[in-house]
Amino acid sequence: MFVAHRNLLFTVAYEMLGSAADAEDVLQETWLRWSDVDLATVRDQRAYLVRITTRQALNRLRTLGRRKESYVGPWLPEPLLTAPDVAEDVELADSVSMAMLLVLETLTPTERAVFVLREVFDVEYGEIAEAVGKSPAAVRQIAHRARSHVAARRPREIVSAAETRDALDAFQRAAETGDVRGLLGILAPDVVYMGDGGGAKQAALRPIVGYDKVARLLTAALRKLTVAGPMQWTQVNGCPALVLRLDGEIDTVLAVRVESGLITGLYAVRNPAKLSHMREETALRR
């Protein structure tokens, strides 16, 4: 039964943590606890597994929060190479997108767990209450607060893969040719660029805000990096993205947030420790 639900449990843990490595650790802990359970006492095995996973992810999320406090530069979610079926589930793709995971980072651990379980996986309030150790009434209040918080920070509407591809295509043409005017034309005036090198690779140590500053930074950086070859298209977290390789190895994964046809967020993951799940596809399920 654990194996049958593994992809679902990984998705729950990953959406709560933004870290595939930590999500894998949570699944290992869930399996160890599941192996000690008397299955004759379990009415709904799927719900029971989700409950164990949620509790372990909450414990890990609090530890992860302390690690982030000492992280060098901006912390970005770990990118996942995903199969086309993830993109076909529009709501799932939106929920695991870089942009959405960064919004979830602004919630408290309990708010994040409640939001993910209710909004993404449609878990009943009573089951969520058991998973997070709150009353159903408290969970309803937490869910309402989390929904309001997320709604104020997420893109106003789900952006289609085609719209993201169009924006990325325009961005790639401008970036690779050093066309600053072209970059300014596809970047929103208040665009935010975040680079995650984790202290292992060169990256901006704080977010860069404003299309003029971001365009200058990208023009200089990409002119050096694309000498090794053009950026390549791929599917990251269910959305179109670009990958830059150096000497055959992935150097940078670039994901975007698009609103009204313009790029409002650019997320460049360069930390080698976060790129291992770009080697083969990760299965995600709801």
Establish, yes or no, whether the cationic atom of Arg43 lies under 6.0 Å from the six-membered ring centre of Tyr48 and within 45° of the ring axis. no
Arg147: salt bridge (charged side-chain N to carboxylate O under 4.0 Å, His left out) partners, not counting sequence neighbours: Glu119
Would a 4.5 Å heavy-atom cut-off, applied to side chains only, mark [X] and [Y] as touching?
X      : Y      : value
Arg118 : Glu124 : yes
Leu80  : Val96  : no
Asp179 : Arg173 : no

Between [X] and [Y], does at least one N-O distance fall below 4.0 Å, as a salt bridge requires?
X      : Y      : answer
Asp122 : Arg286 : no
Glu15  : Arg112 : no
Lys201 : Asp251 : yes
Asp22  : Arg67  : yes
Glu105 : Arg153 : no
Arg51  : Glu127 : no
Arg257 : Glu259 : yes

Hey, is [atom1] on [X] packed in by over 12 heavy atoms from elsewhere, all under 6.0 Å?
X      : atom1 : result
Glu24  : CD    : yes
Lys68  : NZ    : yes
Gln232 : CD    : yes
Tyr211 : OH    : no

Partner of Ser19 by side-chain contact (heavy atoms from CB on, under 4.5 Å), out of Arg60, Glu78, Lys274: Glu78
With side-chain contact (heavy atoms from CB on, under 4.5 Å) as the test, pick out the partner of Met16 among Leu101, Thr11, Leu58. Leu58
What is the ring orientation for Tyr14 with Phe10, classed by angle as parallel under 30°, tilted 30 to 60°, or perpendicular over 60°? parallel
Side-chain hydrophobic cluster, 4.5 Å single linkage: members besides Leu76: Leu81, Met98, Leu102, Val192, Met194, Val209, Val236, Val243, Ile250, Val253, Tyr267, Val269, Leu275, Met278
Under 4.5 Å side-chain linkage, directly or through intermediates, the cluster mates of Ile158: Val90
Mind checking whether Phe2 and Trp31 have ring centres under 6.0 Å apart? yes
Keeping the roles fixed (side chain from Thr41, backbone from Asp38), state whether a donor-acceptor pair exists under 3.5 Å. yes
